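Structure first, then comments.
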Amino acid sequence: MTIFKSENRKPADSVIWKSPTSIVKQKPSSNIKYGNLNSAIYKISLEKHHRDETKCGKLFRKVLRLASCLLVLCLLACICLIIYQSLSKSLYKRPTGQADQCTIDENDRFDCWPEKNGASEQGCIRRGCCWKAATVPNTAPYCFFPSNYSGYDARQVTVSSNGIDATLVRTTSTFFSPDVKTLKLRVDFQNDYRLRIRLYDPNNARFEVPLDVPSGSSSVLNPLYNVTVMSPFNIVVTRVSTGATVFDTRGTAPLIFSDQYLQIATRLASKFLYGIGEHRSTFAQDLSSWKRLVFWNRDDVPKVNNNGYGTHPFFLNLEPSSGSSEGPADAHGVFLLNSNAGEVALQLYGQNQNGAVTYRMLGGILDFFIVLGPSPLAVASQYTEITGRTQFPPFWSLGFHICKYGIANSAALRDMIKRNRDANMPYDVQWTDIDYMDGHKDWTYDKNNFAGLPSIVQDLHSNQQRYIIMADPAISSEQPSGSYAPFDDGKQMDVFVKKANGDILIGSVWPGKTAFPDFFHPNAYKYWYKQASEFHAILSFDGLWIDMNEPSSFIDGSVDGCTQSSLDHPPFTPATIDGGSLYSKTICPSAKHAISSHYNLHNMYGWSQANITRAVLDTIFPNKRTPLITRSSFAGSAKYTGHWLGDNNSDYDDLYYSIPGILNFNLFGLTFIGADICGFRGTTTPQLCTRWHQLGVFYTFMRNHADLGSPAQDPGSFAEPYLGYIRDALKLRYTLLAVLYTALFKSHVVGLPVIRPLFYLYQGTETIDKQFMWSDSLMVVPVLNENEVFVNAFIPNDTWYDFYDGHPIAARGEYLTLNAPLNTINVLVRGGSILPLLPATERTDISRQQKFRLFVTLNENGTANGELFWDDGESADSITSSKYSHIYFSLYANNTLVNHVVQSGYNPSQGIRSSEVDFYGVTKFPSSVLVNGNRVAFGYNNYTQLLQVSNLNVDLLQPLSVTWS
């Protein structure tokens with residue numbers, strides 16, 4: 001041990017301070033000892049001196065003594081500080097070679113102090129980590145892991161044809177002890193493109209997510225991946241064909257597995273990272289900002305990078321191009337099956353700045369599914385194989401929906417319905433927010449202000465329109481016993497979430513004090529079905545809207561607060577969590593569900609409500625598909641429900657952010673998705689509302705909804721010309737209904753996203769998120785800024801046509817300025833597409849009676865393909881019972897269009913017929929056109945290169961041939 005020393009001085013504990021008082025010296029007498037004489041003389045001299053002192057002298061002496069004391073104290077403090085610093089350096093000195101272990105590029109640092117506060121150099125060193133300031137504020141951490149931070153060793157590694165097993169052991173403790181010192185690693189090779197990596201405690205059962213996911217393993221013959229396990233522990237997954245990184249923990253944040261803090265990190269293959277929801281951001285995540293994205297469902301206005309309403313711990317990462325610039329780049333996906341609170345930290349990393357992702361979870365286990373595509377579209381599909389395919393919505397739910405919070409009474413609701421009918425708006429579904437309820441209580445309606453509601457619903461049904469109501473999870477708990485069945489029944493069935501002491505947890509939501517149903521409880525379905533079915537007998541709703549199910553509460557925790565346990569106050573809380581704690585605006589994490597604590601299940605509460613509500617709707621509406629829309633969601637929610645993006649603002653920023661939000665949920669498999677058109681909060685403008693309806697045409701779920709304090713913004717509330725502009729947009733929507741329905745069928749059956757980024761098809765478009773694709777045929781280029789009448793669109797290197805008049809787009813692989821007057825949203829059709837279009841009508845039931853127009857665009861090879869799925873629009877068993885028709889269309893290079901009927905199980909009385917076929921990209925005037933071998937009349941437009949074959953009445957379930965020469 002090194003002790004601090006000062007040159008030519010005694011050690012600090014030997015320093016003696018002497019008074020500066022002068023001593024009168026006397027010559028000693030021979031018979032008196034020297035020491036005694038000096039003492040005596042000193043005493044006499046002082047006594048004499050004191051007697052002779054004046055008052056001023058006495059005062060001066062006191063001041064002098066006080067100053068001397070202060071000087072001594074200061075000196076002692078300095079000495080103690082020097083000793084402390086010496087001991088600190090000795091006690092916490094870095095291991096040999098630490099200078100090299102801390103010589104890490106700033107972008108390659110991994111945070112050793114993830115907490116929000118308290119970081120210090122000494123605290124960092126005590127953790128065995130390195131401390132060094134970053135050159136750029138708010139980027140790299142000051143406290144970071146050294147390159148040789150002690151972790152787990154991999155032992156007893158065994159490899160078989162279907163997986164890998166290993167035991168991981170650590171002998172040291174981390175800064176979030178108690179650590180699990182022995183872990184089990186199991187890698188399951190599930191098929192050629194999917195593997196599962198699990199890290200868990202083999203000696204103590206821990207919470208695992210109750211999601212139905214693929215389990216087990218199989219012997220794989222041609223896997224797309226290589227897996228390597230190393231000791232000290234690292235795991236590396238690479239793509240066989242290219243060697244690209246898929247999952248690689250080397251050189252990243254070390255594995256930590258303690259009771260309430262689990263950490264693991266991976267390198268990325270490239271900086272192009274997508275997903276990780278629900279968070280408002282650009283579609284491509286920005287790695288350079290060192291942002292941290294929290295998983296903890298939260299009721300708050302969407303804000304950039306804040307933890308949102310749902311949790312979806314899945315990302316897609318593009319891989320470096322293998323050399324070809326044609327088609328999409330390779331991609332892979334990583335899904336962490338964990339429902340606890342947590343975060344991911346994103347950063348640039350590595351020589352190529354490809355980036356890294358660090359997971360920090362507050363419980364559960366580390367359970368990863370990895371899919372290898374190889375295309376981005378395949379990755380999205382493979383992810384839904386794990387979590388479940390999207391619920392297939394009924395055809396009528398693809399129409400236009402109207403809602404308003406703040407409808408005062410039945411008369412106001414009637415006025416809203418009437419003005420939109422009178423304006424000839426395409427319009428299928430009317431909603432009501434909590435206004436209709438009696439005191440905001442679930443499963444009631446206000447029989448004073450909304451006495452006419454049952455007759456309004458009857459009128460909607462008579463007009464072939466539908467009605468959807470709100471059903472929040474929070475149940476009023478302050479009604480007199482016997483007067484409110486939803487609480488009385490819940491209490492009797494014991495289905496409410498409990499406090500840690502076993503009493504019913506009481507929060508506060510719209511009706512006042514409330515209890516929260518435990519949708520994991522064995523009685524949950526019975527309870528929720530009783531409430532919904534009894535109310536449906538009173539008010540005949542056609543679908544449900546479940547809101548406030550994060551769950552939200554207007555008080556933190558409960559009316560009694562929360563416990564002081566580590567569930568409510570864990571050792572680590574993500575630094576950027578909205579609200580600062582786990583119980584902010586929600587119930588206590590220590591609350592009890594039937595299967596576990598709310599600490600483990602909070603992020604699944606909305607999922608659990610959707611799960612039970614779907615089962616209830618399926619019982620109330622036997623063999624009918626019924627729409628369900630939720631605010632809060634988790635991985636796998638798509639099996640049960642659609643989603644909307646929450647309480648957005650009436651501004652152009654939120655108009656834009658709806659696009660990456662919807663792209664993300666399509667990536668998560670939740671493809672029935674939309675945003676509140678015109679914005680929910682604030683006051684819209686006629687121009688903004690027009691632009692938003694134009695964009696909303698291409699949301700799969702299209703609803704206009706406004707807040708309590710916002711003015712009316714339904715289409716019928718506007719004057720001309722905006723009324724006409726919005727009507728035209730809605731007509732475009734209804735023209736495309738069959739295209740959308742077919743795309744949602746494909747999403748339900750094979751997991752394909754409906755709304756897609758351009759990079760799913762074209763390299764070089766990885767950061768474009770202000771335009772997007774509908775399936776692989778339509779490219780949508782909306783106006784996203786005020787007063788703009790032009791839009792700058794990237795035209796990928798392909799053949800494109802204008803949707804409205806069919807003229808070919810000359811640009812390829814470059815930006816092009818397109819005219820965008822206020823009555824227009826630019827839509828381009830990819831060459832090689834065949835779209836079954838419908839005439840614009842005012843309701844979906846009318847649309848279903850119409851004949852199709854086939855919209856055919858030739859690619860550079862003169863070919864095209866398309867398809868149509870058609871059933872009765874609502875039967876739940878139409879697919880499983882083969883009561884549907886599925887028709888493929890192909891245009892060959894010999895100028896011949898044919899159909900191929902793969903299923904003909906649905907044939908309505910009016911048939912499935914086509915009245916017209918339009919071919920775009922026909923460069924020469926044809927001499928003749930034959931339909932099923934018969935010569936027919938046709939039209940040709942040289943400018944648009946349109947060959948139009950009209951006045952047909954062909955049965956698409958019978959063989960069809962259209963050819964020209």
Side-chain angles (χ1 to χ4, degrees), residues 393-402 416-431 459-468 542-543 625 627 674 677 690 693-694 696-704 714-716 718 720 722-745 774 778 803-804 823-825 827 835-855 868-874 885 906-918 950-956:
F395 187 81
W396 60 262
S397 68
L398 308 189
F400 181 53
H401 302 237
I402 296 177
M416 174 182 283
I417 295 169
K418 183 178 185 301
R419 65 177 174 253
N420 284 282
R421 287 178 180 172
D422 291 347
N424 299 317
M425 288 294 164
Y427 160 43
D428 266 84
V429 191
Q430 181 64 50
W431 297 47
D459 173 68
L460 288 168
H461 290 165
S462 297
N463 198 51
Q464 298 301 309
Q465 292 174 297
R466 267 72 173 196
Y467 175 59
I468 292 178
D542 300 290
R625 283 176 272 141
I677 290 171
T690 298
H693 277 93
Q694 291 168 351
V697 165
F698 298 95
Y699 298 163
T700 48
F701 165 55
M702 186 184 187
R703 183 184 69 170
N704 177 315
D714 57 279
F718 291 97
E720 294 289 1
Y722 305 102
L723 186 72
Y725 296 161
I726 294 172
R727 185 191 302 112
D728 288 344
L730 293 175
K731 286 182 176 179
L732 173 61
R733 167 73 170 203
Y734 280 60
T735 298
L736 293 166
L737 285 175
V739 177
L740 175 58
Y741 194 55
T742 301
L744 284 165
F745 160 73
W774 241 28
L778 294 175
F803 175 81
Y804 301 103
N823 65 347
T824 301
I825 180 171
V827 183
L835 304 175
L837 305 182
L838 287 167
T841 69
E842 293 177 18
R843 293 194 315 269
T844 56
D845 68 299
I846 302 174
S847 297
R848 293 183 55 80
Q849 310 303 314
Q850 308 305 307
K851 297 172 185 177
F852 292 94
R853 174 169 70 100
L854 299 184
F855 189 108
L868 170 65
F869 171 87
W870 209 238
D871 64 357
D872 67 3
E874 61 179 357
S885 292
Y906 176 72
N907 190 6
S909 58
Q910 73 275 10
I912 303 175
R913 311 185 77 84
S914 175
S915 62
E916 184 174 324
V917 183
D918 296 336
S950 55
N951 298 316
L952 301 177
N953 187 22
V954 294
D955 186 348
L956 296 178

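Because the structure is a prediction, the values reported are computed rather than measured.
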Do you see a donor-acceptor pair shorter than 3.5 Å between the side chains of Asp714 and Asn420? yes
Intermediate values then yes/no, side-chain contact (heavy atoms from CB on, under 4.5 Å), Leu744 and Phe869: CA-CA 10 Å; Leu744 284 165; Phe869 171 87; over 6 Å; no
Contacts of Asp918 that satisfy salt bridge (Lys or Arg N to Asp or Glu O under 4.0 Å) - sequence neighbours left out: Arg853
For the residue pair Tyr467 and His461, is the inter-centroid distance of their aromatic rings smaller than 6.0 Å? no
Hey, mind stepping through His693 and Tyr725 against ring-ring contact (aromatic ring centres under 6.0 Å, His included) and telling me if it holds? CA-CA 9 Å; His693 277 93; Tyr725 296 161; over 10 Å; no
Rounded to the nearest 0.5 Å, how far does CG of Leu854 lie from CG of Leu956? 6.0 Å
Are Thr735 and Pro839 packed together at the side-chain level, in the sense that at least one heavy-atom pair is separated by less than 4.5 angstrom? no
What do the steps show when you test Ile677 against Tyr699 for side-chain contact (heavy atoms from CB on, under 4.5 Å), and what is the final call? CA-CA 10 Å; Ile677 290 171; Tyr699 298 163; 3.9 Å; yes
Heavy-atom pair with the smallest gap, counting every atom of Leu838 and Ser847: CD2-O, 3.8 Å
Kindly check if the number of other-residue, nucleotide or ligand heavy atoms within 6.0 Å of CG (Asn951) is above 12? no
Quick one: side chain to side chain donor-acceptor pair (under 3.5 Å) partners of Arg703, sequence neighbours excluded? Asp676
With side chains defined as the heavy atoms from C-beta onward, is the minimum distance between Glu916 and Leu952 less than 4.5 Å? no
Less than 4.5 Å apart, side chain to side chain, heavy atoms only: is that true for Trp774 and Leu835? no
For the residue pair Phe698 and Leu740, establish whether any side-chain heavy-atom pair is separated by less than 4.5 Å. no
Side-chain contact test, heavy atoms from C-beta onward, threshold under 4.5 Å: evaluate it for Pro426 versus Lys731 and give yes or no. yes
With sequence neighbours excluded, residues passing side-chain contact (heavy atoms from CB on, under 4.5 Å) with Arg848: Phe395, Trp870, Tyr906
Between CG on residue Leu723 and CE on residue Met425, distance to nearest 0.5 Å: 4.0 Å
Is there a side-chain contact between Leu737 and Thr844 in this structure, where contact means two heavy atoms from C-beta onward sitting under 4.5 Å apart? yes
Answer whether the closest heavy-atom distance between the side chains of Ile825 and Val697 falls below 4.5 Å. no
For Pro715 and Ile402 the tightest heavy-atom approach is CD-CD1, 4.2 Å
Residues forming a salt bridge (Lys or Arg N to Asp or Glu O under 4.0 Å) with Asp871, sequence neighbours excluded: Arg625
When you measure from the side chain of Ser914 to the backbone of Phe852, do you find a donor-acceptor pair of N or O atoms at a distance under 3.5 Å? yes
Are the side chains of Leu778 and Leu736 in touch, meaning some heavy atoms are under 4.5 Å apart? yes
Between Tyr734 and Trp396, is the gap from one ring center to the other below 6.0 Å? no
Please answer whether the main-chain N or O of Trp431 pairs with a side-chain N or O of Arg466 as donor and acceptor at a distance below 3.5 Å. no
Applying side-chain contact (heavy atoms from CB on, under 4.5 Å) to Gln849 and not counting sequence neighbours gives Gln910
Shortest non-hydrogen separation from Thr700 to Arg733 and the atoms involved: O-NH2, 3.0 Å
Just jot down the side-chain contact (heavy atoms from CB on, under 4.5 Å) partners of Gln465, sequence neighbours excluded, or say none. Arg421, Tyr427, Leu460, Asn463, Arg843
Taking every heavy atom of Pro836 against every heavy atom of Val739, the minimum-distance pair comes out as O-CG2, 3.6 Å
Ser397 side chain vs Pro393 backbone, donor-acceptor pair below 3.5 Å: no
Show the nearest heavy-atom pair for residues Asp428 and Gln464, with the distance to one decimal. OD2-O, 4.2 Å
OG1/Thr690 to CG/Asn823 distance, rounded to the nearest 0.5 angstrom? 9.5 Å
Would you please test Glu842 and Asn424 for side-chain contact (heavy atoms from CB on, under 4.5 Å) and show each step? CA-CA 7 Å; Glu842 293 177 18; Asn424 299 317; 3.3 Å; yes
Determine, stepwise, if the pair Asn953 / Lys851 fulfils side-chain contact (heavy atoms from CB on, under 4.5 Å). CA-CA 8 Å; Asn953 187 22; Lys851 297 172 185 177; 3.2 Å; yes
Might you point out which heavy atoms bring Met702 and Gly696 nearest each other, and give the distance in Å? CG-O, 3.4 Å
